[in-house]
Amino acid sequence: MNEFLNKLSTIVGSTHIQTTGDLTKYEEDWRKRARGKALAVISPGTTREVSLLVKACLEERVSIVPQGGNTSMVVGSIPNDSGTQILLSMQRMNKVRAIDAANLTMTVESGSVLQQVQQSAEKAGFLFPLSLGSQGSCTIGGNLSTNAGGTQVVRYGNARDLCLGLEVVSANGEIWNGLSGLRKDNTGYDLKNLYVGSEGTLGIITAATLKLYPLPAAKLTAWAGVQSIEQAVELLGLAHKMLGPALSGFEVMGQFALSLVDKHFPQMKVPLWKENPYCILLEASDNESESHARTLFEGLMQKAIEAGVITDAVIAESLAQAKALWLIRENITMAQAAQGLNIKHDISIPVSQIPPFVMHTDALITQKIEGVRIVNFGHLGDGNLHYNVQAPQGIDPKIFLQTYEHDINALVYDSVMKFGGSISAEHGVGSLKVNSLKDYKDPTALSIMRSIKQALDPHNIMNPGRVINAL
Ligand code: FAD
Ligand code: MLT
Ligand code: ZN
C-alpha cells in the first residue's frame with residue numbers, strides 16, 4: 001500500500017497528503033453521529049490532479065469519499081471505519097475562474113466556500129442567492145452534490161436551479177468539461193442534473209458555472225407571531241399575493257425550537273416566542289427602493305393583523321436588526337446541538353398539506369412517547385420542515401435515539417407519504433437514509449438509479465454505500 005500512497009503523493013505533492021496526526025475534522029461528521037478512518041486525506045489543487053488520483057484509485061480499486069466543508073447532516077462526507085478509503089478534500093480548489101457580467105454567470109472551483117462565492121459575486125455587483133446557515137464552511141461542490149436548499153429557495157430555487165454548467169471528473173478519471181453558461185441547451189441527456197444531487201457517488205465536481213442576479217435595491221426582514229401552523233400557511237399565501245416575486249424568505253420556527261435558542265443563546269433576545277406557538281421570519285428583496293419595500297411590508301403586516309392571521313410583528317429598522325433576526329433562525333441548529341442529539345428530519349410536503357401533516361404527526365408522536373419535544377422549524381416558503389424529535393426532559397439523548405430512532409423515523413416517514421411528501425428535502429440521503437430510501441422511494445426509480453450507478457461507476461469506487469447500495 002505504501003507504493004500506492006507514494007504514487008498519490010507524487011500526484012499532489014507530499015504536503016497535500018496526510019495519513020497521521022489529528023484528522024478529526026475530516027473523519028468525524030458535523031453532528032458527531034459517526035467517526036470513520038481514512039487511509040489518507042488528500043487535497044488536490046487542480047482538476048488534472050483529481051483526474052490522476054481517480055485513475056490511480058481505480059487501478060487499485062480503492063474507494064474515494066469526496067469532501068467539501070464536511071457539514072453534511074446525513075453522514076455523507078466522512079470515510080467509513082475500514083481505514084481503506086481515500087478522503088478527497090476539495091478545499092484547496094477554491095478559485096473564482098471567471099465572472100461574465102453580461103451573461104450573469106460566474107465560474108468557480110468546487111472547493112470554494114459558499115460565503116466567499118457570495119462575497120465575490122457582490123464585489124462584482126451581483127447576487128449569488130444560495131444561503132445556508134453553514135455558508136461560512138460549506139463549499140459549492142458540497143452544495144451542488146447535495147442540491148442544497150436553504151433560505152432563499154422560495155424566490156431563487158435550490159442549488160440545482162442556480163447551476164448552469166459543471167466540470168466533473170468521472171469515476172474512471174476522465175474530465176468532462178461542461179462549464180457552459182447556456183440557459184438553453186437541448187443536446188441530449190442532462191448530465192449536469194445527473195451529477196447535481198448525486199452526493200459524490202457518480203464522480204467529483206471540480207468546478208461549476210453559477211447563475212448571478214442583480215443585487216436587490218433593498219432587503220427587509222420581519223418577524224411575526226402566529227397562533228397555529230394553519231395561520232403560518234395563511235400568512236404565506238398573503239405574502240405571495242402582496243409581495244409577489246419580492247418575497248425572498250419565509251421561515252417558520254416552532255415555540256420549542258425558539259425556546260432552545262433562548263436557553264442556549266440568551267443574548268439573542270428572541271422576539272414574540274413566549275406568546276406564540278410559531279414565529280415566522282419573512283424577507284422581501286425589492287428591486288425599487290427601501291421605502292417601496294417598507295410600504296409593501298407594512299401593508300402586508302397591517303392586513304395580516306386585521307385578518308387575525310398574525311398576533312404581532314416587528315419589521316427590522318436596520319441591517320443590524322435584520323441580521324440579528326436571521327441569526328436567531330440560523331442558530332436553531334446550534335441550539336439543538338447544544339441540547340444534545342435528536343432525531344433529525346428534513347422533509348418536504350406540499351404547503352397545503354403542512355397543517356394536516358403537523359396535526360396528525362404531532363398527535364401520533366406525543367401519544368407514543370410521553371413528554372417528547374418536537375423541534376419543528378424550516379423553510380415553510382418551499383414546503384420544507386425540519387421536523388425533529390427531542391428526548392423528554394431528563395432522558396439521556398443517546399439512549400432516546402437508540403430506543404426510538406427507528407420507530408420515530410417510520411412514523412414520521414409514513415406520515416410524510418400519507419401527505420404526498422419526500423423524506424429528504426435538501427440534506428440528501430448520505431448514509432443515514434439509505435435504508436429508509438429503500439422503503440419510501442418508488443422501486444422503479446430506485447432500479448433506474450442503480451442502473452445509472454452501475455453504468456457510471458461499475459467498480460463502485462465513488463462514495464460507496466451512500467444514497468443507494470449499488471451491489
Ligand atoms: P460535505 O458535507 O463535505 O459533503 C456533502 C456531500 O457532498 C457528501 O456526499 C460528499 O461526498 C459530497 N461532495 C462534497 N463535495 C463534493 C464534490 N466536489 N464533488 C462530488 N461530491 C462532493 N443544507 C441545506 O440544504 N439547507 C440548509 O439550510 C442547511 N443549513 C445548514 C446549517 C448548518 C449549521 C449545518 C452544519 C448544515 C446545514 N446544511 C444545510 C447541510 C450542509 O451544509 C449542506 O448539505 C451543504 O450543501 C454541504 O456542503 P459541504 O461542502 O459541507 O459538503
Ligand atoms: C436549517 O434549515 O437550519 C438546516 O437545514 C440545518 C438543520 O436542519 O438543522
Ligand atoms: Zn434547512
Side-chain angles (χ1 to χ4, degrees), residues 25-26 29-32 44 47 50 54 63-79 85 87-91 93-94 108-114 130-153 158-160 166-171 195-208 249 251-253 257 260 281 326 328-337 342 344-348 375-380 382 384-388 424-432 462-467:
K25 73 172 190 160
Y26 302 104
D29 86 298
W30 191 91
R31 290 174 60 209
K32 303 198 189 319
T47 303
V50 176
V54 173
S63 60
I64 300 171
V65 180
Q67 187 182 89
N70 196 18
T71 64
S72 168
M73 295 266 109
V74 287
V75 191
S77 49
I78 58 163
Q85 297 189 299
L87 189 289
L88 196 75
S89 169
M90 298 303 290
Q91 289 183 330
M93 291 189 58
N94 58 11
V108 301
E109 291 182 342
S110 65
S112 307
V113 169
L114 173 57
L130 188 68
S131 300
L132 320 181
S134 53
Q135 62 201 24
S137 41
C138 66
T139 63
I140 287 296
N143 301 150
L144 290 167
S145 300
T146 57
N147 186 23
T151 56
Q152 303 280 299
V153 174
N158 46 27
R160 185 188 300 286
L166 288 182
E167 179 185 83
V168 170
V169 172
S170 73
Y195 285 104
V196 172
S198 66
E199 301 182 45
T201 62
L202 299 179
I204 297 153
I205 296 175
T206 47
E251 298 286 310
V252 67
M253 296 153 289
L260 292 179
L281 184 60
W326 273 107
I328 294 168
R329 160 64 185 89
E330 281 159 8
N331 273 284
I332 293 175
T333 310
M334 305 304 285
Q336 275 193 110
N342 59 78
K344 202 168 207 357
H345 297 118
D346 165 40
I347 56 182
S348 57
V375 191
N376 189 7
F377 68 100
H379 318 285
L380 186 61
D382 57 67
N384 176 190
L385 293 180
H386 299 303
Y387 186 86
N388 303 336
S424 173
E426 58 171 8
H427 294 162
V429 177
S431 311
L432 280 189
M462 292 305 312
N463 215 359
R466 267 73 197 243
V467 185

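Start at 1 and go down the list; that is how both ligands and their atoms are numbered. Only heavy atoms go into these numbers, but all of them, side chains included; no hydrogens, no water, no symmetry mates. Each residue takes its place number in the sequence, starting with 1.
Residues R329 and E251 are paired through a salt bridge, judged by an N-O separation under 4.0 Å between the basic side chain and the carboxylate.
Closest to atom 31 (C) of ligand 1, if we only count protein heavy atoms, is S134 OG, 3.7 Å. Summary of contacts: the protein heavy atom closest to atom 45 (O) of ligand 1 is T146 OG1, 3.5 Å. Nearest protein heavy-atom neighbour of atom 10 (C) of ligand 1: P66 O, 3.1 Å. Nearest non-hydrogen protein atom to atom 53 (O) of ligand 1 is G142 CA, 3.4 Å. The single protein non-hydrogen atom nearest to atom 16 (C) of ligand 1 is S145 OG, 3.5 Å, given as residue, atom name and distance. Protein heavy atom nearest atom 50 (P) of ligand 1, with residue, atom name and distance: G69 N, 3.4 Å. If you check which protein heavy atom lies closest to atom 52 (O) of ligand 1, you get T71 OG1, 2.6 Å. Of the protein's non-hydrogen atoms, the one nearest atom 29 (C) of ligand 1 is L132 CB, 4.0 Å.
The shortest distance between side-chain heavy atoms of M93 and T206 falls below 4.5 Å. Between I332 and M253, the closest side-chain pair of non-hydrogen atoms falls below 4.5 Å. With contacts defined as side-chain heavy-atom distances shorter than 4.5 Å, the pair W30/T333 qualifies.
Legend: residues meeting side chain to side chain donor-acceptor pair (under 3.5 Å) with N388, ordered by chain and number and at least two apart, are Q336.
Close approach to S110 involves these atoms of ligand 1, each under 4.0 Å from a residue heavy atom: 18 (N). Per-residue contacts place M73 under 4.0 angstrom from the following atoms of ligand 1 (heavy atoms of the residue considered): 35 (C), 36 (C), 37 (C), 41 (C). Proximity to M90 (heavy-atom distance under 4.0 Å) selects the following atoms of ligand 1: 18 (N). Remark: ligand 1 atoms within the under-4.0 Å shell around heavy atoms of T139 are 50 (P), 51 (O). Residue A148 has at least one heavy-atom neighbour below 4.0 Å for each of these atoms of ligand 1: 25 (O), 47 (O). Those atoms of ligand 1 with a heavy atom of G200 less than 4.0 angstrom away are 20 (C), 21 (N).
Between S131 and ligand 1, a contact under 3.5 Å exists for no N or O pair. For a threshold of 3.5 Å applied to N or O pairs, the pair formed by G203 and ligand 1 contains no separation below that value.
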Check: every ligand 2 N/O to protein N/O pair under 3.5 Å:
| residue | atom | partner | partner atom | Å |
| --- | --- | --- | --- | --- |
| ligand 2 | 2 (O) | R329 | NH2 | 2.7 |
| ligand 2 | 2 (O) | H379 | NE2 | 3.0 |
| ligand 2 | 2 (O) | H386 | NE2 | 3.1 |
| ligand 2 | 3 (O) | R329 | NH1 | 3.1 |
| ligand 2 | 3 (O) | R329 | NH2 | 3.3 |
| ligand 2 | 3 (O) | T333 | OG1 | 3.3 |
| ligand 2 | 5 (O) | H386 | NE2 | 2.9 |
| ligand 2 | 5 (O) | E426 | OE2 | 3.0 |
| ligand 2 | 5 (O) | H427 | NE2 | 2.7 |
| ligand 2 | 8 (O) | K344 | NZ | 3.0 |
| ligand 2 | 8 (O) | H386 | ND1 | 3.4 |
| ligand 2 | 9 (O) | T333 | OG1 | 2.9 |
| ligand 2 | 9 (O) | K344 | NZ | 2.7 |

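Heavy atoms of E330 come nearer than 4.0 angstrom to ligand 1 in no pair at all. Not a single heavy atom of A425 sits closer than 4.0 Å to an atom of ligand 1.
When non-hydrogen atoms are compared, ligand 1 lies under 4.0 Å from the backbone of S72 as well as from its side chain. In I205, the parts holding a heavy atom less than 4.0 Å from any atom of ligand 1 are both the side chain and the backbone.
The aromatic rings of H386 and H427 sit parallel to each other, their planes meeting at less than 30°, with 60° as the upper class boundary.
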Side-chain donor-acceptor distances from residues 132-143 under 3.5 Å, at least two apart:
| residue | atom | partner | partner atom | Å |
| --- | --- | --- | --- | --- |
| Q135 | OE1 | Q118 | NE2 | 3.2 |
| Q135 | OE1 | L132 | N | 3.0 |
| T139 | OG1 | G142 | N | 3.1 |
| N143 | ND2 | T139 | O | 3.3 |

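Here 3 is the count of protein N, O or S atoms positioned under 2.8 Å from the Zn ion (ligand 3), waters not counted.
Nearest to atom 46 (C) of ligand 1 by heavy atom, out of N143, D346, D29, V169, is N143.
Checked options V54, V169, V50; the residue passing with P44 is V50 (criterion: side chain to side chain contact (heavy atoms under 4.5 Å, CB included)).
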